[in-house]
Amino acid sequence: MFLFLMQVAAAPAASATGAVVTARVDRLFQEWNNPRSPGCALGIVRDGELVYRHGYGIQNLKTGAPLTTRSVFYAASVSKQFAAASTILAARDGLLSLDDDVRKWIPTLPAEQPTITIRHLLHHVSGIRDYLSMWDAMGALNGIHSDEDLIGLLSRQQRLNFDPGADFSYNNSGYVLLSFIIRKATGKSLQEFARERIFEPLGMRTSAFHDDRTAQQNPKTFAIGYNPTKAGGLEPGLLTNFDKVGDGGLYTTVEDLARWDQNFYSQKVGGDGFTTQLTTRGILANGDTINYAGALVVDEYKGLRTVEHSGTFMGYRNDLLRFPDQRFSVILLCNRGTIDPTVLARQIADLYLADVLRKQVERFVGEYASDELRVTFRVVARDGNLFLIRPGAGESALTPVQPEYGARVKQHADQFTYAASLEPMKATFASDGGAQVTALLIEAPRARAMRFVRR
């Protein structure tokens, strides 16, 4: 019999309760935890300690080598926070200003367009078109493109998606431009600057920005990303020609990201105020605050503050989810394109933060009545989860809405969805400006703002 060996945390024996929790975590990955499937490497960090680490599935379908927390993954858009951090470090050094016009550093961008600042790039509010979307439209995603080709493509654009600061549109072009600006401002590539200022000081020895398409990864540690084929199989999704960095391009491990997670609190890299700068949300021209900060989404989950960024590209699916007030983080690097790490990370948080989450959701429990519909709904809680009871329709699970990147920040509102007969419904709990929940707003695509007042 073939024995598939998985990496488990090299830590003291877990308590009975801890063993139960980790067994439940393992079951979440059961589908992929075999020698025939790509899967995920998982790290769970609590109070600065990597309390659980595990590999589920394999690095490479040809070799069958198992995934571990030392397996090297393409980080996709999880990379962006390191480009943002590098930009902020360069600004702290006085080498650039976040309010610089981007054309100061890249003068070939159209002079007739409105001013775009580095800060606009950080928050995805520049209005610049996405270069990957343009390459895809051209049928050129698999081609070889120099940095000069990319700058030329962006410089030829005759119009923006919108005026800078007017709206949010997740945009890879802006973060590649940041890598070009860092090179101009510091005299070093993003790969060199991040290595010297972030990776080496934090002991992230495996992490590096991959800006040379001819460089090869170590086959003994490299996790290949896989996408499904039309025939139902799997094929490598990696574009070996791809060497753009800033928006992606980072190769890293779970264990290195755990070291980066510790810096969120210690600020060994960056110093006082560094984390605050990274987590300062963007503000639109109309004064609205969005949840997107320095390549980190600052939002909530079941009433707990979260700081997160995910990444998806070339068969890789990754997520780094942090609960800063609980000093708890989930790191997931996956090499199967059908896995959703953002859902898995929240399911893991549900298990580890069960007690505090239970207290959070209990504030929603109660009866909510609508004069318009002449009906009363009940909200109940079990095991840290919420359920909506409607007369004649039974019980429906309330599923927390995952935050959309760039969503406008709405104070004291918690959103869920539930399944109804015709279409999914959105349920939003409204508060009185404090912690007291006062109403439940039910919304369907064609029936909006149905208000239920809490009794």
Side-chain angles (χ1 to χ4, degrees), residues 75 77-111 113-128 131 146-148 150-152 154-155 164-165 171-204 207-212 243-250 252 259-260 263-264 266-283 292-296 309:
S77 288
V78 172
S79 311
K80 285 183 170 73
Q81 59 199 273
F82 295 94
S86 296
T87 303
I88 290 171
L89 287 171
R92 286 184 154 219
D93 291 346
L95 300 174
L96 58 84
S97 167
L98 300 185
D99 295 313
D100 281 345
D101 187 331
V102 172
R103 284 167 296 205
K104 173 180 178 180
W105 303 103
I106 308 173
T108 59
L109 292 178
Q113 291 179 353
T115 298
I116 298 171
T117 68
I118 293 175
R119 199 183 302 275
H120 285 142
L121 300 182
L122 283 170
H123 299 309
H124 296 297
V125 297
S126 69
I128 294 174
Y131 79 95
S146 68
D147 291 349
E148 290 73 22
L150 179 51
I151 291 176
L154 297 178
S155 298
N171 187 290
N172 291 290
S173 297
Y175 270 76
V176 175
L177 289 177
L178 288 178
S179 75
F180 298 156
I181 291 169
I182 286 169
R183 182 187 290 274
K184 286 282 190 71
T186 70
K188 298 176 181 177
S189 68
L190 177 59
Q191 192 231 49
E192 295 168 322
F193 188 86
R195 184 187 70 239
E196 293 176 10
R197 298 295 300 276
I198 299 175
F199 302 144
E200 287 181 352
L202 295 180
M204 298 172 66
S207 298
F209 275 104
H210 179 79
D211 58 4
D212 179 0
D243 59 2
K244 297 298 171 275
V245 297
D247 60 329
L250 177 70
T252 190
R259 296 180 178 96
W260 170 244
N263 193 72
F264 187 87
S266 71
Q267 301 184 107
K268 177 180 179 180
V269 164
D272 290 346
F274 182 62
T275 295
T276 298
Q277 280 190 274
L278 274 174
T279 54
T280 298
R281 293 156 157 162
I283 300 175
Y292 202 93
L296 296 170
H309 210 288

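Keep in mind it's a predicted model, so treat the numbers as computed, not measured. Numbers here simply count residues along the sequence, with the first being 1.
Asp243 is not listed as a side-chain neighbour of Asp212, based on a closest heavy-atom distance of 4.5 Å or more. Taking the side chain as every heavy atom from C-beta outward, Thr117 and Val102 never approach each other to under 4.5 Å. Side-chain contact check for Leu177 versus Leu154: some heavy-atom pair is nearer than 4.5 Å.
Closest of all the heavy-atom pairs between Leu278 and Leu296 is O-CD1, 4.0 Å. Nearest heavy atom pair, residue Ala293 against residue Thr279, reads CB-C, 3.5 Å. Contact between Phe274 and Val269 at its shortest, heavy atoms only, is CD2-O, 3.2 Å. Heavy atoms only, all atoms of each residue included: Ile182 and Ala83 are closest at CD1-O, 4.1 Å. Summarising the geometry of Leu178 relative to Leu122, their closest heavy-atom pair is CD1-CD2, 3.8 Å, with the distance given to 0.1 Å. Across every non-hydrogen atom of Arg103 and Ile116, the tightest pair is NH2-N, 4.3 Å.
Shown here are the ring-ring contact (aromatic ring centres under 6.0 Å, His included) partners of His124, two or more places apart in sequence or in another chain: Phe168, Tyr170, Tyr175, Tyr292. Residues passing the side chain to side chain donor-acceptor pair (under 3.5 Å) test with Asp247 are Tyr131, sequence neighbours excluded. By the salt bridge (Lys or Arg N to Asp or Glu O under 4.0 Å) test, Asp99 pairs with Arg119, sequence neighbours left out. Residues satisfying the side-chain contact (heavy atoms from CB on, under 4.5 Å) criterion with Lys104, sequence neighbours excluded, are Asp100. Shown here are the salt bridge (Lys or Arg N to Asp or Glu O under 4.0 Å) partners of Glu192, two or more places apart in sequence or in another chain: there are none. With sequence neighbours excluded, the residues that form a side-chain contact (heavy atoms from CB on, under 4.5 Å) with Ala90 are Leu96, Thr186, Phe193. Every residue two or more places apart in sequence or in another chain that forms a side chain to side chain donor-acceptor pair (under 3.5 Å) with Gln81 is listed here: Trp260. With sequence neighbours left out, Val245 forms a side-chain contact (heavy atoms from CB on, under 4.5 Å) with Ser179, Leu190, Phe209, Asp211. Every side-chain contact (heavy atoms from CB on, under 4.5 Å) that Pro114 has, sequence neighbours left out, goes to Leu160, Asp163, Pro164. Every residue meeting the ring-ring contact (aromatic ring centres under 6.0 Å, His included) condition with Phe199, not counting sequence neighbours, appears here in chain and number order: Phe82.
Looking only at distances, a side-chain donor or acceptor of Asn171 sits under 3.5 Å from a matching main-chain atom of Gly174. In this structure a side-chain-to-backbone donor-acceptor pair under 3.5 Å is present from Thr275 to Phe264. Side-chain N or O atoms of Ser155 include one that pairs as donor or acceptor with a backbone N or O of Thr108 at under 3.5 Å. Asn263 places a side-chain N or O within donor-acceptor distance of the main-chain N or O of Lys268, the cut-off being under 3.5 Å. Judged by distance alone, the side chain of Arg195 and the main-chain N or O of Glu200 form no donor-acceptor pair under 3.5 Å.
To the nearest 0.5 Å, the span separating OG1 on Thr276 from CD1 on Ile88 amounts to 10.5 Å. With values rounded to the nearest 0.5 angstrom, Leu109 atom CG is found 10.0 Å from Ser126 atom OG. With rounding to the nearest 0.5 angstrom, the CG atom of Leu98 is 6.5 Å from the CD1 atom of Ile118.
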Point to revise | Steps toward side chain to side chain donor-acceptor pair (under 3.5 Å) verdict (Asn172, Lys80) | key: CA-CA 9 Å; Asn172 291 290; Lys80 285 183 170 73; 2.8 Å; yes
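Identified under the salt bridge (Lys or Arg N to Asp or Glu O under 4.0 Å) test for residues 171-189, with sequence neighbours left out: Lys188-Glu196. Pairs engaging residues 86-98 under the side-chain hydrogen bond (donor to acceptor under 3.5 Å, both in side chains) rule: Arg92-Gln277, Asp93-Arg197 [sequence neighbours left out].
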